[in-house]
Amino acid sequence: MTDPAGQAVPSHQFDPIGDLLGRIRLEFADDHRGDVASYIPELSTADPEAFGLALVGVAGSRYEAGESGVPFTIQSVSKPFAYALALADVGMEAVLARVGVEPSGEGFNAISLEPGTGRPDNPLINAGAILTTSLVAGGGPEERFGRILDLLSRCAGRELPVDAAVYRSERDTGDRNRALAHLMRAAGSLSVPAEDAVDVYFRQCSVLVTAADLAVMAATLANGGVHPLTGERVMDQLVAEQVLTVMATCGMYDYSGEWLLRVGLPAKSGVAGGLVAVSPSQFGIGLFSPPLDERGNSVRAVEASRAISERFSLHLMHQVTRTGPSFVLVAEDGTEMSLPSPSGLGVVDVPVLSLQGYIEFASAEQAPLGLRRHVGDAVVPQGIVVDLDHVTQFHPVAVLLFDAIIGQLARRGISVVTVDRQGRGMVASAGEFPRRAEALAHLRGG
Ligand code: GLU
């Protein structure tokens, strides 16, 4: 384990996540199914036993197990990052006009082109990725590749080298990719010479990474485009979200649907055995194990990702069960009051609602209902104090909801003031006070 400052945490210290990765690695290390890719001759030299896992949190902590430092070529894991660059350079609409976002349901190197237009199904299969490189801004193939390498390196937080032998091997044997480029050129969808497009693509696939690099790159996407260790914004948050969306639906070749069902995380795999998966807002994982299944996904990386997702309950559609309300009704002296109140409003002329934690739709929506249950419909309070001292953040939908609630109450003659020692102005009220007593005095006309 390494802390955000890059300091290794001594192994005798508490490292539950590192332990868990190590256990998962052991569990699948003996799974010898699958074959190392050989259609690019140079890839066939990979060690089938190598198996590395790494996890990087959005706050910058790093955990690793096994061969997480062994270099291999990034291959198709480069595709979402090149797509990010195209989105940043020309915008989503222009990219969408040229490359679709529909899962192809076909193999990674299939001729998945729209009849007539030659528009590839999505940017994460070869045809779409070759076209995507041509959308990246630059005067020619050198500059376009330079910009892709720069983005990959900034996401990894170090200058990534290129494996010249793999590049040559792929260039010398990549006739199917060349054919795809020529078909797109003939259909009019590819606007640069076919040879230029595939050359950038072959180079981008030959960039060397480790599982540890992939985890940092995945964490950058998880963190909305901000590198978790350097703090550098390497892409807009919107672009990171768009990339994750396409990874969720198209990232695992013709296994994408089943992957989403079983693992439930945006991901991308590559034929050298690499895989990235992202738990949005939480962390990224990088895995490496060369033997591939018949769809081209690393057998052990898929199994290990599935185990991580299941054990951490990470599936995107997983329901978050809230254990208690994120608001309480408190008396002037700060003691919590029961909901509903047995005595009605008699006890409070100005109720104080204290909110805590991260306020999302569910808590913002429940707060006025809780208040109503307490004071009843018959009595109109003079005003309401909403104490925000213990709130960490408002989700934008909760801000909208509070605006609507405060507006409705104001129209009924009930003014709402807020308390926030830090004066963060998180919601617009009839007044924000640093202390509860001042807010109460204001509403009581003091
Ligand atoms: N460079 C590889 C190819 O185009 C990438 C394939 C992959 O990783 O899916 O064949």
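All ligand and atom numbering here is 1-based and tracks the order in the structure. All residue numbers in this chain count up from 1 along the given sequence. Bear in mind the structure is a predicted one, so any value in this text is a computation, not a measurement.
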Worksheet item: If we only count N/O pairs under 3.5 Å, is Val271 in contact with ligand 1?
Response: yes

Discussion item. Any non-hydrogen side-chain atom of Leu135 less than 4.5 Å from a side-chain atom of Tyr83?
Written reply: no

Fill in: Minimum-distance protein heavy atom relative to atom 10 (O) of ligand 1
Tyr39 OH, 2.5 Å

Discussion item. With a 6.0 Å cut-off (strictly less than), is the heavy-atom count around CG of Leu20, excluding the residue itself, greater than 12?
Written reply: yes

Discussion item. Before we go on, tell me: are the rings of Phe288 and Phe51 under 6.0 Å apart, centre to centre?
Written reply: no

Fill in: Cationic N near anionic O, under 4.0 Å, Arg295 to Asp293
no

Discussion item. Taking CD in Glu142 as the centre, count heavy atoms belonging to other residues, nucleotides or ligands within less than 6.0 Å. Is the count above 12?
Written reply: no

Discussion item. Under 4.0 Å from a heavy atom of Cys205: which atoms of ligand 1 are those, numbered in the order shown and with their elements?
Written reply: 1 (N)

Worksheet entry | Element-labelled atoms of ligand 1 that are located less than 4.0 Å from some non-hydrogen atom of Asn177 | 3 (C), 4 (O), 10 (O)

Item to complete: Measure the shortest side-chain to side-chain distance between Met426 and Val399 over non-hydrogen atoms and say whether it is less than 4.5 angstrom.
Response: no

Item to complete: With heavy atoms of Tyr253 as the reference, note each atom of ligand 1 found under 4.0 Å away.
Response: 7 (C), 8 (O), 9 (O)

Discussion item. Is the shortest side-chain heavy-atom distance between Asn122 and Ser104 below 4.5 Å?
Written reply: yes

Worksheet item: Considering only the protein, which heavy-atom contact is closest to atom 1 (N) of ligand 1, and what is its distance?
Response: Glu170 OE2, 2.3 Å

Worksheet item: Which ligand 1 atoms are under 4.0 Å away from a heavy-atom of Ser76?
Response: 5 (C), 6 (C), 7 (C), 8 (O), 9 (O)

Worksheet, complete the sentence: of all protein heavy atoms, closest to atom 2 (C) of ligand 1 is Gln75 OE1, 3.1 Å

Discussion item. Can you confirm whether the side chains of Ser269 and Asn297 place a donor and an acceptor under 3.5 Å from each other?
Written reply: yes

Worksheet item: Which of the numbered atoms in ligand 1 are below 4.0 angstrom from a heavy atom of Gly270?
Response: 8 (O)

Discussion item. Yes or no: does Phe202 have any heavy atom under 4.0 Å from an atom of ligand 1?
Written reply: no

Practice prompt. For Tyr201, counting its heavy atoms only, list the atoms of ligand 1 lying under 4.0 Å from any of them.
Written response: 1 (N), 2 (C), 3 (C), 4 (O), 5 (C)

